[in-house]
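Chain letters run A, B, ... following the sequence lines, proteins first and then strands; every chain starts at 1.
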Protein chains: 2
Amino acid sequence: MPPPTKKTPATTEAPAAPSARAERLDARVLEGLVGYNARRAWLIVSTVFADRMAPYGLKQIDFSVLSLLAHNPGATSRQLCNTLDILPPNLVNLVAALDSRGLIERRPHPHDGRAVGLHLTPAGETLIREAEQAVVQLETEASSRLSTRERETLIKLLQKIYL
Amino acid sequence: MPPPTKKTPATTEAPAAPSARAERLDARVLEGLVGYNARRAWLIVSTVFADRMAPYGLKQIDFSVLSLLAHNPGATSRQLCNTLDILPPNLVNLVAALDSRGLIERRPHPHDGRAVGLHLTPAGETLIREAEQAVVQLETEASSRLSTRERETLIKLLQKIYL
DNA sequence: TATTGTTATACTCTATAACTATA
DNA sequence: TATAGTTATAGAGTATAACAATA
């Protein structure tokens with residue numbers, strides 16, 4: 001994307017006038033990297049996410065766990081870890097906190113005495129239903145400069161990398 | 001993207017057979033979110049990045065700083081912070097470490113006695129030149145399931161979110 | 001008064017080793 | 001022996017407040 005040729009990018013841009021201070025640096029090499037751009041985009045979305053989910057008391061990981069449990073009742077910690085690519089020790093306190101808040105319930109696993117099946121409580125069901133709607137809304141706003149078609153394309157391309 | 005209707009996604013998928021253990025959970029709601037996908041994709045690329053950059057002793061942030069200085073000689077810490085969206089206190093040790101390694105040099109700023117202009121040393125120039133080539137290579141591999149055209153589209157769409 | 005760079009510090013996130021109880 | 005869940009802990013990464021030197 002950033003060839004040696006000095007071409008004006010899509011956004012309107014002054015030719016790097018020697019202003020007093022705080023002039024922007026040439027970051028075209030970094031802006032040609034998938035990793036850099038994915039991180040920057042995620043940073044924006046996650047900031048909006050954090051703001052909008054604060055009223056629900058949910059961080060991204062909390063939302064992911066509750067949403068997963070809403071569509072996979074009785075899932076185990078191990079399954080959540082595998083799906084979300086997080087380590088078991090880092091899920092323990094998280095699940096305990098959601099339990100303390102009365103959003104989820106731990107029940108003995110039907111087939112495996114070691115495992116614990118996780119289930120949403122009615123309060124958890126209600127919360128995640130509202131939160132999921134809020135997230136869809138916030139995602140639409142955070143990607144408001146993309147058309148529906150472009151947003152679908154973006155997601156499809158991102159999944160080609162990690163799925 | 002994930003409507004209540006149970007429709008088979010694009011990828012071939014068995015109907016969630018009740019296997020012994022470790023079955024995959026239904027994550028279609030999360031997989032319909034830009035934030036979730038951007039983070040998952042970034043995680044993959046950054047893992048490859050960490051592996052390949054280890055021989056150079058460079059983390060992502062180190063690479064970003066050196067690459068920026070390569071194309072913006074004499075840039076200040078403040079400018080690096082603005083461009084990379086990091087906080088000044090978190091750049092101090094990083095710049096000090098690159099200085100200790102003899103990769104960059106701090107020179108008094110020509111117009112501002114408070115600021116310090118950062119410059120690559122010859123060793124830093126050599127290192128970042130090799131590292132940039134390695135990163136281009138690693139990026140191509142990490143996104144090998146994308147065509148060149150798709151990769152450009154992906155980056156363009158990501159930039160529409162954060163730029 | 002405002003800004004650059006810095007110190008100290010705290011909080012979150014992520015990672016590893018080791019234990020227990022079940023299988 | 002292997003796995004699910006847990007504990008304790010260490011290391012990154014990221015955040016705020018406060019200070020000195022200069023503008």
Participant: Heavy-atom nearest nucleotide on DNA chain D for A:V116 versus B:D85: which residue maps closer to 5'?
Facilitator: A:V116
Participant: To the nearest angstrom, how far is B:L94 atom CG from C:dG5 atom C1'?
Facilitator: 15 Å
Participant: With sequence neighbours excluded, tell me which residues meet side-chain contact (heavy atoms from CB on, under 4.5 Å) with A:H119.
Facilitator: A:P73, A:R107
Participant: Counting just side-chain N and O atoms, does B:R106 come under 4.0 Å of either OP1 or OP2 of C:dT6?
Facilitator: yes
Participant: For residues 84-96 of chain B, which residue pairs pass the side-chain hydrogen bond (donor to acceptor under 3.5 Å, both in side chains) check, not counting sequence neighbours?
Facilitator: A:R40-B:D85
Participant: With B:F63, which residues qualify under ring-ring contact (aromatic ring centres under 6.0 Å, His included), at least two apart?
Facilitator: B:F49
Participant: Mark up nucleotides 7-14 of chain D, 5' to 3', with B wherever a protein heavy atom is under 4.0 angstrom from a base atom, S wherever such an atom reaches only the sugar-phosphate, and - elsewhere.
Facilitator: BB----SB
Participant: Do A:N37 and A:E31 have a side chain donor and acceptor closer than 3.5 Å?
Facilitator: no
Participant: What's the NE2-C1' distance between A:H109 and C:dA21, to the nearest Å?
Facilitator: 16 Å
Participant: Please give, in whole Å, the distance from C:dT1 P to B:R114 CZ?
Facilitator: 16 Å
Participant: Could you say whether A:L91 or B:G113 is positioned toward the 5' end of DNA chain D, judged by the nucleotide with the nearest heavy atom to each?
Facilitator: A:L91
Participant: Among pairs that include at least one residue of residues 47-66 of chain B, which meet salt bridge (Lys or Arg N to Asp or Glu O under 4.0 Å), considering only residues two or more places apart or in two chains?
Facilitator: B:R52-B:E141
Participant: Take the protein atom NE2 of B:H111 and the nucleotide atom C1' of D:dT22, then report the distance between them rounded to whole Å.
Facilitator: 16 Å
Participant: May I have the distance from B:D112 (atom CG) to C:dG5 (atom C1'), rounded to whole angstrom?
Facilitator: 11 Å
Participant: Using a distance-only criterion (donor-acceptor N/O pair, under 3.5 Å, no hydrogens), is the base of C:dT4 paired with the side chain of B:R78?
Facilitator: no
Participant: Calculate the interatomic distance between B:R107 atom CZ and C:dG5 atom P; express it in whole Å.
Facilitator: 16 Å
Participant: Can you name the residues that form a side-chain contact (heavy atoms from CB on, under 4.5 Å) with A:A75, not counting sequence neighbours?
Facilitator: A:L69, A:N72, A:Q79, B:L25
